[in-house]
Amino acid sequence: MSRVVVITGASSGIGRATAREFAGRGDRLVLAARSPETLAQVRDECRQVGAEVRDVPTDVTETGALDALAATAVAEFGRIDVWVHTAVVMAYGRFDQTPAEVFDQVVRTDLLAAAAAARAALRHFRLARRGTLILTGSVLGHVTAPYLGAYVTSKWGLHGLSRVLRQESRDLPGVQVCLITPGSVDTPVYQQAANYAGRVGRPPLPITTPERVARAVVDCADRPRREISVGRLNLIMRVAFTALPGLYDVLVGPLMRLGGLTDRPVPPTEGVVFRPHPAGEAVRGGWLPDLPGLLRSVGDTAASAGAAAGRRLCRRLASRPATPGSGARASTR
């Protein structure tokens, strides 16, 4: 039987990739994001693979918005089986140079809205005595990095909240609270971030794809786990942060300036912290090469080179003089 899945932050990045992944499994979806036009595009993408979808334009920071979203899901499909919260914004800049209202809005979106989503989901799960809540954290919920104070504050808070929720749900074995903690992911969130650092942000290497994170989300819905880490260096970063705090603090600033910020200058901007920018919303952010396209290009080049080599070989054989005596033997048999 197909599940009923609510996804917040479904218009871009991990949320959009997750919507596609659940749609491909035949689940019924309730999609939420701020931009009605982009959300409609995601709805159509999911319907093209046969999924039943309801799109609900929602600002997760508005009071009561997530309770209304839950009510819509229940009215439309009768229940909620899985709730995935992926809505997120970012802000770059030193703490004392980031406007207080920007810092507060990042925390409001990334932490307090996640708490509101959890509240709305768990209210329904407790009545049904079953359901899976999946929150999207970050490796920056276990370590810290400069110039991302509001984001780090939110993700540390989210990590603590998820653990509390698991403790408080122990009396409901059918209710699961899960946390997905990606490292760097190729999404548009970096370009769309508020910025007071003077340079455009980027995901530090190594970078994973939003599709890989989406598969981890769906796998978690299938087989709930407390936490799933997605990123090859996540464990190394966490060990270094805990075991070598002095060395970590010395190195993280230069590494962040080298790997987490581009050379492209940017004037102070609020990005999408307060309002969406539909033109910039997509699954990928363009930080990784188009590997399928690259493989096709390499394959086409190899095929063309092989064909050209074959033609040259044929011409060479055709122009080569006959071996002495071979023609005579053939004619006398």
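These numbers come from a predicted model, not from an experiment. The chain is numbered in sequence order, starting from 1.
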Participant: In plain terms, say whether D263 and R202 are close enough for a salt bridge, that is, a side-chain N and a carboxylate O under 4.0 Å apart.
Facilitator: no

Participant: Work out which heavy atom in M90 is nearest to a heavy atom in V273; give both atom names and the distance.
Facilitator: O-CG2, 3.7 Å

Participant: For residues L235 and S229, determine if any side-chain heavy atom of one lies less than 4.5 Å from a side-chain heavy atom of the other.
Facilitator: no

Participant: Under 4.5 Å between side-chain heavy atoms, hopping through other hydrophobics if needed: is there a path connecting Y190 to M256?
Facilitator: yes

Participant: If you count the non-hydrogen atoms of other residues, nucleotides and ligands that lie under 6.0 Å from CZ in R47, is the total more than 12?
Facilitator: yes

Participant: May I ask you to decide whether R215 forms a salt bridge with E21, counting only side-chain N to carboxylate O separations under 4.0 Å?
Facilitator: no

Participant: Side chains of R25 and D222, heavy atoms from C-beta outward: is any pair under 4.5 Å?
Facilitator: yes

Participant: Report yes or no: do W287 and V272 belong to one cluster of Ile/Leu/Val/Met/Phe/Trp/Tyr joined by side chain heavy-atom distances under 4.5 Å?
Facilitator: no

Participant: Quick one: do R226 and R163 satisfy side-chain contact (heavy atoms from CB on, under 4.5 Å)? Show the steps, please.
Facilitator: CA-CA 8 Å; R226 295 165 59 91; R163 184 151 185 175; 4.1 Å; yes

Participant: Measuring from atom CG of L165 to atom CG of L179, what distance do you get when rounded to the nearest 0.5 angstrom?
Facilitator: 10.5 Å

Participant: Does the T8 side chain pair with the main chain of A32, one donor and one acceptor, at a distance under 3.5 Å?
Facilitator: no

Participant: Return the CG to OG distance between D55 and S35, rounded to the nearest 0.5 Å.
Facilitator: 10.5 Å

Participant: Do N195 and E270 come within less than 4.5 Å of each other through their side chains, counting heavy atoms only?
Facilitator: no

Participant: Please determine if D186 and R212 form a salt bridge, counting it only when a charged side-chain N lies under 4.0 Å from a carboxylate O.
Facilitator: no

Participant: Indicate yes or no: at least one non-hydrogen side-chain atom of P254 is less than 4.5 angstrom from one of R257.
Facilitator: yes

Participant: Under the 3.5 angstrom rule, does the side chain of Q191 hit a backbone N or O of G285 as a donor-acceptor pair?
Facilitator: yes

Participant: Which atoms form the tightest heavy-atom contact between V139 and G183, and what is the distance?
Facilitator: CG1-CA, 3.9 Å

Participant: Would F95 and F103 count as a close aromatic pair, with their ring centres under 6.0 Å?
Facilitator: yes

Participant: Hey, are the side chains of V30 and V56 touching, using non-hydrogen atoms and a 4.5 Å cut-off?
Facilitator: yes

Participant: Looking at T86 and T136, would you say the former's side chain and the latter's main chain have a donor-acceptor pair under 3.5 Å?
Facilitator: no

Participant: If you count the non-hydrogen atoms of other residues, nucleotides and ligands that lie under 6.0 Å from CZ in R232, is the total more than 12?
Facilitator: no

Participant: Determine whether V218 and F22 satisfy the following criterion, side-chain contact (heavy atoms from CB on, under 4.5 Å), listing intermediate values before the conclusion.
Facilitator: CA-CA 7 Å; V218 175; F22 275 114; 3.9 Å; yes

Participant: Is any side-chain heavy atom of V89 closer than 4.5 Å to one of F274?
Facilitator: no

Participant: Identify whether L111 and L69 are in the same connected component of the hydrophobic contact network (ILVMFWY, side-chain heavy atoms under 4.5 Å).
Facilitator: yes

Participant: How about D27 and S2: does a side-chain donor come under 3.5 Å of a side-chain acceptor?
Facilitator: no

Participant: Should the pair R28-E76 be classified as a salt bridge under the 4.0 Å nitrogen-to-oxygen rule?
Facilitator: no

Participant: If you compare all heavy atoms of L31 against all heavy atoms of A19, which two are closest, and at what distance to 0.1 Å?
Facilitator: CD2-CB, 3.9 Å

Participant: Decide yes or no on side-chain contact (heavy atoms from CB on, under 4.5 Å) for V82 and V4, but give the supporting numbers first.
Facilitator: CA-CA 6 Å; V82 181; V4 177; over 6 Å; no

Participant: Before accepting this row, confirm whether a basic side-chain N of the pair D67/R119 lies closer than 4.0 Å to the acidic partner's carboxylate O.
Facilitator: no

Participant: Mind checking the CD-OG1 spacing from Q176 to T132? Nearest 0.5 Å is all I need.
Facilitator: 6.0 Å

Participant: Report the distance from atom CZ of R284 to atom OG of S12, rounding to the nearest 0.5 Å.
Facilitator: 12.5 Å

Participant: Once rounded to the nearest 0.5 Å, what's the spacing between atom CZ of F125 and atom CZ of R79?
Facilitator: 11.0 Å

Participant: Write down the atom of L39, the atom of P57, and the distance for their closest heavy-atom approach.
Facilitator: CD2-N, 3.7 Å

Participant: If Ile, Leu, Val, Met, Phe, Trp and Tyr residues are connected whenever their side-chain heavy atoms lie under 4.5 Å apart, and connections chain through other members, are V217 and W83 in the same group?
Facilitator: no

Participant: With rounding to the nearest 0.5 angstrom, report the CD1 to NE2 distance, I180 to H85.
Facilitator: 13.5 Å

Participant: Name the residue from H142, E227, K155, R238 that meets the side-chain hydrogen bond (donor to acceptor under 3.5 Å, both in side chains) definition with T181.
Facilitator: E227

Participant: Is R3 salt-bridged to D81, going by a charged N under 4.0 Å from an acidic O?
Facilitator: no

Participant: Could you go step by step and tell me if Y151 and L140 meet the side-chain contact (heavy atoms from CB on, under 4.5 Å) rule?
Facilitator: CA-CA 8 Å; Y151 185 81; L140 290 178; 3.9 Å; yes

Participant: Check whether any side-chain heavy atom of V175 lies under 4.5 Å from a side-chain heavy atom of R129, and answer yes or no.
Facilitator: no

Participant: With distance as the sole criterion, is a donor-acceptor pair present between the side chains of Y92 and R199 under 3.5 Å?
Facilitator: no

Participant: Counting N and O atoms only, with roles assigned by atom type, does the side chain of T269 sit under 3.5 Å from a partner on the main chain of G271, one being a donor and the other an acceptor?
Facilitator: yes

Participant: Please answer: with hydrophobic residues joined when any side-chain heavy atoms are less than 4.5 Å apart, are L205 and M237 in the same cluster?
Facilitator: yes

Participant: Do the side chains of L135 and L133 get nearer than 4.5 Å, heavy atoms only?
Facilitator: yes

Participant: Going by atom types only, do E281 and T38 share a side-chain donor-acceptor pair under 3.5 Å?
Facilitator: yes

Participant: Counting distance only, does the side-chain N/O of T242 pair as donor-acceptor with the main-chain N or O of V239 below 3.5 Å?
Facilitator: no

Participant: Locate the shortest heavy-atom distance separating V185 from T209; write the atom from each residue and the value.
Facilitator: CG1-C, 3.8 Å

Participant: Mind listing the closest non-hydrogen atom pair of L66 and A113 along with its distance?
Facilitator: CD1-O, 3.4 Å

